Amino acid sequence: MWMETKLEVEVSGSHVGSSRRVLDGLITGDMERLDKFMQDRGFVLRLPVWVLRGVSRVILANNPLSGAVILAALYWASPWQGLLGTLGVLASTLTAVIMGQDRSDVSGGLHGFNGMLVSLLMGVFSSAGDWYWWLLLPVCLGSATCVFLSSGLSSFLDRWDLPASVFPFNTVILLYLLCTGSNNPYFPHHPAVPGATGLNNTELVALQVIQGIPLGVGQIYACGDLGPSLLILGAVVLYSPLLAVHALLGSAIGILAGLSVAVHHESLYSGLSGFNGALGCMLVGGLFFTFSWRTLLFAIASAFLSAYADIALKNWLGTVGLPACSWGATSVSTLMLLLSGSLETYRIPTGQVKAPELNLRTRSQWQAGKTEERKSTDV
């Protein structure tokens with residue numbers, strides 16, 4: 001039962017509280033007011049909003065304005081990669097519409113982000129260079145295939161209240177690389193190399209290691225340039241400052257995990273050691289669990305486990321020329337969501353996940369309502 005407490009009434013009357021309400025839902029958070037405004041608009045006007053939400057969903061946000069900023073960052077880093085990402089998210093979103101997938105999932109971008117990731121990784125691993133137009137064919141087909149996998153996995157995982165996450169992307173990109181091979185005449189690609197531990201012949205440059213922290217956030221979009229990565233981080237701040245803090249914390253933890261097992265320095269400098277840690281930390285820290293000091297420690301543990309799982313998978317899959325993608329963070333975070341015990345009380349149902357700040361406020365209201373309800377029933 002939801003109840004309004006005296007404290008909340010006082011806060012709502014303050015200038016700070018009113019200012020926060022003006023921004024919340026307008027340009028920050030989930031921008032739910034935009035959904036209400038676009039509700040009766042035509043398909044052509046609503047489609048760009050769905051697509052931009054899909055872009056931001058890659059980094060666990062749900063804000064079309066953040067999606068627009070991220071898309072601009074991708075075009076800044078590489079117009080070709082920006083085009084592939086746009087085509088991928090558009091193809092998967094339209095496929096979901098044609099298949100008649102749940103309207104709220106489509107409008108929330110849940111059928112767009114896997115397609116975008118597939119298209120971006122196809123471009124990164126392609127050895128044919130930029131503006132190789134034949135690549136658009138597997139980009140469209142791979143992005144569309146993600147919708148089928150996501151729909152099937154969701155039906156299976158719903159019984160445990162687990163999201164399909166990026167399992168479709170991780171599966172499709174590996175299947176594509178296995179089908180084409182590095183010497184394919186039409187779709188050649190660079191084979192992935194093991195991220196194995198080994199002798200580093202150069203001294204570690206501390207400044208480049210620090211630079212690798214924001215780059216770890218950008219690498220979630222396969223972006224290795226500092227400027228666009230900072231812009232992507234800014235887009236996360238627009239959606240949720242708390243989520244952005246977890247992104248940087250997780251990336252730093254991922255780099256620290258890489259340092260602890262002496263991964264190649266290039267992985268540290270480029271942010272490749274950090275992005276799985278960032279994802280693992282963000283998923284737990286405030287997104288699927290209400291933020292508290294307990295869940296913060298839990299998020300740190302998730303970041304470490306995700307980073308070490310990524311290192312192990314890179315060493316294993318790299319022996320056959322395949323990338324580890326985000327299997328580490330996806331697998332670890334899925335297991336974390338199945339946690340039982342006292343931390344389970346902080347778990348947010350998948351269908352009710354909002355921006356971390358909103359999750360925190362609504363949990364406080366819910367707890368206050370329960371307390372007030374108990375007092376009213378006391379004799």
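Here the structure is a predicted model, which is why all the values come from computation and not from measurement. Start at 1 with the first residue, then count along the sequence.
Judged by distance alone, with hydrogens and angles left aside, the side-chain atoms of Ser150 form no donor-acceptor pair with the main-chain N or O of Cys146 at under 3.5 Å. The backbone N or O of His190 lies less than 3.5 Å from no partner atom in the side chain of Ser182, so there is not a single donor-acceptor pair. When atom types are taken as modelled, the side chain of Ser306 and the backbone of Gly277 share no donor-acceptor pair closer than 3.5 angstrom. The main-chain N or O of Ile255 is never found under 3.5 Å from a side-chain atom of Ser273 such that the two would form a donor-acceptor pair. No donor-acceptor distance shorter than 3.5 angstrom exists from the side chain of Ser267 to the backbone of Val263, with no hydrogens or angles considered. Side-chain atoms of Ser333 come within 3.5 Å of backbone atoms of Thr330 as a donor-acceptor pair (strictly under, hydrogens ignored). A donor-acceptor pair is defined here as one N or O able to donate and one able to accept, closer than 3.5 Å; such a pair exists between the side chain of Asp102 and the backbone of Asp105. A donor-acceptor pair is defined here as one N or O able to donate and one able to accept, closer than 3.5 Å; such a pair exists between the side chain of Ser302 and the backbone of Gly280. Proximity of a side-chain donor or acceptor of Asp225 to a complementary backbone N or O of Gly227 within less than 3.5 Å is not detected. Checking side-chain atoms of Arg57 against main-chain N and O of Gly112 turns up no donor-acceptor pair under 3.5 Å.
Taking CG of Leu90 as the start and CG of Leu94 as the end, the distance is 4.5 Å to the nearest 0.5 Å. Rounding to the nearest 0.5 Å places CG of Leu84 at 8.0 Å from OG of Ser78. Note that CE of Met31 and CG of Asn63 are 5.5 Å apart. Values are rounded to the nearest 0.5 Å. Taken from CG in Leu110 to CG in Asn62, the straight-line distance is 7.5 Å, to the nearest 0.5 Å. Rounding to the nearest 0.5 Å places CH2 of Trp327 at 12.0 Å from CD1 of Ile173. The CG atom of Leu279 lies 6.0 Å from the CG atom of Leu60; values are rounded to the nearest 0.5 Å.
For Ser240, the side-chain hydrogen bond (donor to acceptor under 3.5 Å, both in side chains) partners two or more places apart in sequence, or in a different chain, are Glu357. When the side-chain contact (heavy atoms from CB on, under 4.5 Å) test is applied to Glu344, the partners found at least two apart in sequence or on another chain are Ser340. Taking the side-chain hydrogen bond (donor to acceptor under 3.5 Å, both in side chains) definition, one finds that Tyr239 meets it with Asp30, sequence neighbours left out. The side-chain contact (heavy atoms from CB on, under 4.5 Å) test applied to Pro138 returns Met122, Leu135, Tyr176, Phe187, not counting sequence neighbours. Qualifying side-chain hydrogen bond (donor to acceptor under 3.5 Å, both in side chains) partners for Ser260, counting only residues two or more places apart in sequence or in other chains: Tyr308. Shown here are the side-chain hydrogen bond (donor to acceptor under 3.5 Å, both in side chains) partners of Ser126, two or more places apart in sequence or in another chain: there are none.
Pro214 has its side chain within reach of Leu226: a pair of non-hydrogen atoms, C-beta onward, lies under 4.5 Å apart. Using a 4.5 Å cut-off on side-chain heavy atoms (C-beta onward), Leu153 and Pro168 make contact. In this structure, Glu32 and Lys354 have side chains that are in contact, with non-hydrogen atoms separated by less than 4.5 Å. Side-chain contact between Leu174 and Pro323 is present, with heavy atoms from C-beta onward closer than 4.5 Å. Side-chain contact check for Arg53 versus Ser107: every heavy-atom pair is 4.5 Å or farther apart. Between Pro163 and Phe288 the shortest side-chain heavy-atom distance falls below 4.5 Å. For the pair Met282/Leu287, no side-chain contact is recorded, criterion being any heavy-atom separation below 4.5 Å from C-beta on. Two residues are said to be in side-chain contact when any heavy atoms from C-beta on lie closer than 4.5 Å; Arg347 and Leu343 fail this criterion.
Legend: salt bridge (Lys or Arg N to Asp or Glu O under 4.0 Å) pairs involving residues 295-312, not counting sequence neighbours, sorted by first then second residue: Asp310-Lys314. Among residue pairs with one or both ends in residues 316-332, none qualify as salt bridge (Lys or Arg N to Asp or Glu O under 4.0 Å); sequence neighbours excluded. Residue pairs meeting the ring pair (Phe, Tyr, Trp, His ring centres under 6.0 Å) criterion with at least one member in residues 54-93, sequence neighbours excluded, are Trp80-Trp131, Trp80-Trp133.
Across every non-hydrogen atom of Pro228 and Cys223, the tightest pair is CB-SG, 3.6 Å. Shown here for Val55 and Tyr221, the closest heavy-atom pair between the two residues is O-OH, 2.6 Å.
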* **CA sep, side-chain torsions, deciding dist, call: Leu34, Leu65, side-chain contact (heavy atoms from CB on, under 4.5 Å)** => CA-CA 10 Å; Leu34 179 62; Leu65 188 56; over 6 Å; no
* Residues Met116, Leu71; criterion side-chain contact (heavy atoms from CB on, under 4.5 Å); working and verdict -> CA-CA 11 Å; Met116 183 174 197; Leu71 204 56; 4.0 Å; yes
* **Criterion side-chain hydrogen bond (donor to acceptor under 3.5 Å, both in side chains) on Asn114 and Ser92, from CA distance to verdict** => CA-CA 8 Å; Asn114 277 290; Ser92 55; over 6 Å; no
* Would you sort out whether Leu204 and Tyr269 count as a side-chain contact (heavy atoms from CB on, under 4.5 Å), showing the intermediate values? => CA-CA 9 Å; Leu204 195 65; Tyr269 300 155; 3.7 Å; yes
* Report the C-alpha distance between Leu162 and Leu338 in whole Å, list the side-chain angles of each, state the deciding distance to 0.1 Å, and finish with yes or no for side-chain contact (heavy atoms from CB on, under 4.5 Å). => CA-CA 8 Å; Leu162 294 174; Leu338 292 170; 3.8 Å; yes
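When hydrophobic clusters are built by joining Ile, Leu, Val, Met, Phe, Trp and Tyr residues whose side-chain heavy atoms come closer than 4.5 Å, directly or via intermediates, Leu121 is not grouped with Leu215. Neither Leu335 nor Val166 shares a network with the other; the hydrophobic side chains, linked directly or stepwise wherever heavy atoms of I, L, V, M, F, W or Y lie under 4.5 Å apart, form separate groups for each. There is a path of hydrophobic side-chain contacts, each under 4.5 Å, that joins Phe169 to Leu317. Linking ILVMFWY residues whenever their side-chain heavy atoms come closer than 4.5 Å, directly or via other members, places Leu259 and Leu248 in the same cluster. Note: the hydrophobic cluster containing Leu230 does not contain Leu243 (ILVMFWY, side chain heavy atoms under 4.5 Å, direct or indirect links).
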Between side-chain atoms of residues 291-298 and protein atoms elsewhere (two or more places apart, or another chain), which donor-acceptor pairs fall under 3.5 Å?
from, atom 1, to, atom 2, distance (Å)
Ser292, OG, Arg294, N, 3.3
Ser292, OG, Thr295, N, 3.3
Ser292, OG, Thr295, OG1, 3.3
Arg294, NH1, Tyr346, OH, 3.3
Thr295, OG1, Thr290, O, 2.9
Thr295, OG1, Ser292, N, 2.7
Thr295, OG1, Ser292, O, 3.0

Name each donor-acceptor pair under 3.5 Å that joins a side chain in residues 39-50 to protein atoms two or more places apart or in another chain, with its distance.
from, atom 1, to, atom 2, distance (Å)
Arg41, NH1, Phe37, O, 3.2
Arg46, NE, Arg41, O, 3.0

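Chaining together hydrophobic side chains whose heavy atoms lie under 4.5 Å apart places Phe148 alongside Met99, Val147.
There is no side-chain donor-acceptor pair under 3.5 Å between His111 and Thr95. Side-chain polar atoms of Ser270 and Gln219 form no donor-acceptor pair below 3.5 angstrom.
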